[in-house]
Structure formats: C-alpha cells, structure tokens
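Below is one structure, written out as structure tokens; the observations come after it.
Note that the structure is a prediction, hence the values are computed from the model and not measured.
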Amino acid sequence: MILSVMMNPKRLVTAYIEWLMERPTYAITLTFNWLGGIATASAEEKIREFGAFIDRARLGSRFYKKPVEARTKFILVPEKFSGGYPHYHGVIQCPTEDGTSIAVSDHATLFEEAWRAVVPSGTVRLEPVHDAEGWGRYITKETGMNFERTVHSYDQWSSRSGQ
C-alpha cells in the first residue's frame with residue numbers, strides 16, 4: 001500500500017490526510033498577512049517555532065523528550081510565496097501521550113497564540129476536515145505535487161526542538 005501511494009504522488013497528500021483523520025484532525029491555514037515574498041528558510045523556521053510553542057504548552061518545557069506519538073503532527077503546503085500574500089494550508093492533529101487524540105478545536109486559542117508569538121501580524125483558521133481528497137486537492141492547487149516545498153512536523157523535530 002505505501003509503495004503504491006509513493007509511486008502515485010497525486011494520492012500521497014490524500015493518503016496522509018486520511019491517515020491523520022483516523023483521529024480528530026483539522027484543516028489549518030496560517031497566514032503571514034504581509035504582501036510580498038518570504039524566504040523558504042525563514043518561513044520554515046516560523047513553522048518550527050509554531051510547532052515547538054504548541055508542544056511546549058501542551059507537553060511541558062521538556063516536550064522534545066516526549067514520545068513522537070505525543071507530538072503535534074501537521075503537513076503544511078505553501079501558497080503565494082513568490083508573490084501575493086504568503087500562507088500555508090494543511091492539516092494538524094494533537095495526540096496525547098498514550099497515542100489517542102484530542103480535538104484540535106480545544107486548542108484553537110493556543111494555535112492563535114502560538115502563531116501570533118511567531119508572526120505577530122499572522123492569523124490562524126481552523127476547520128474540521130470533512131473531505132480528505134477535496135482538501136488535499138485544494139492545498140496543492142498551486143504547488144501541484146511538489147513535495148520539496150511541503151513542511152511536515154517530522155521535518156521540524158530535532159533532538160531539542162525549539163530549544
């Protein structure tokens with residue numbers, strides 16, 4: 001199954017979202033609210049800081065020592081980075097330490113606080129994902145299946161994320 005998905009990139013985003021949807025998962029849009037481009041490295045650093053802020057608030061200051069299963073999971077796809085108002089669309093999930101998941105909507109205020117701490121002019125929009133395939137098509141409408149620009153939570157984790 002995994003090999004067939006990897007060989008068909010059009011199914012990769014949908015498969016990832018469907019996997020996340022096994023637990024409460026939300027569609028998320030993170031906006032910078034400034035006109036013009038932003039360097040990819042700078043944007044990815046903001047995303048790393050955002051994820052670390054959330055995990056620190058949820059799991060404590062030694063969140064990086066917690067099991068991977070407990071960390072916040074997301075996939076974000078950039079849009080309008082070469083002109084316009086740069087932002088990310090994606091999905092996000094907050095598991096508990098035992099691998100179950102809590103409703104992301106319980107953390108809407110935390111997500112807004114985290115993004116504003118990282119990008120003071122930024123905004124966050126959360127919505128339940130009802131149609132994984134449709135959302136997958138929407139979030140990749142600009143980048144297509146160029147996964148070099150996609151940001152995964154796993155890419156942002158280091159042995160001491162956010163430290």
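- Here the straight-line distance linking atom CD1 of Ile92 with atom CZ of Phe50 works out to 4.5 Å at 0.5 Å rounding.
- Between Gly90 and Trp135 the shortest heavy-atom distance is O-NE1, 2.9 Å.
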Run the side-chain contact (heavy atoms from CB on, under 4.5 Å) check on Val119 and Asn33 step by step: do they pass?
CA-CA 9 Å; Val119 180; Asn33 288 331; over 6 Å; no
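- You'll find the side chain of Leu110 stays beyond 4.5 Å of the side chain of Trp115, heavy atoms only.
- The shortest non-hydrogen separation linking Phe53 to Ala117 is CE1-CB, 3.7 Å.
- Counting all heavy atoms, side chain and backbone alike, Pro86 lies closest to Phe32 at O-CD1, 3.2 Å.
- Here the OH-CD distance, from Tyr88 to Glu44, works out to 5.5 Å after rounding to the nearest 0.5 Å.
- Salt-bridge formation is not detected for the pair Glu113/Arg116: no Lys NZ or Arg NE/NH1/NH2 atom is positioned less than 4.0 Å from an Asp or Glu carboxylate oxygen.
- If you take CD on Glu79 and OH on Tyr85, they are separated by 14.5 Å, rounding to the nearest 0.5 Å.
- Asp55 places a side-chain N or O within 3.5 Å of a backbone atom of Thr72 that can act as its donor or acceptor partner.
- Using the six-membered ring where Trp is involved, His87 and His89 have ring planes that are perpendicular, over 60° apart on the 30 and 60° scheme.
- Evaluation of the salt bridge (Lys or Arg N to Asp or Glu O under 4.0 Å) rule for Glu127 yields Arg125 as partners, not counting sequence neighbours.
- Counting heavy atoms from C-beta outward, Phe74 and Ile54 have side chains that stay 4.5 Å or more apart.
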Can Leu59 and Arg71 be said to form a side-chain contact (heavy atoms from CB on, under 4.5 Å), step by step?
CA-CA 8 Å; Leu59 303 171; Arg71 301 286 299 271; 4.2 Å; yes
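- Rounded to the nearest 0.5 Å, atoms NZ (Lys46) and CD (Glu49) are 5.0 Å apart.
- Partner of Glu112 under the side chain to side chain contact (heavy atoms under 4.5 Å, CB included) criterion, chosen from Val124, Thr123, Leu126: Val124.
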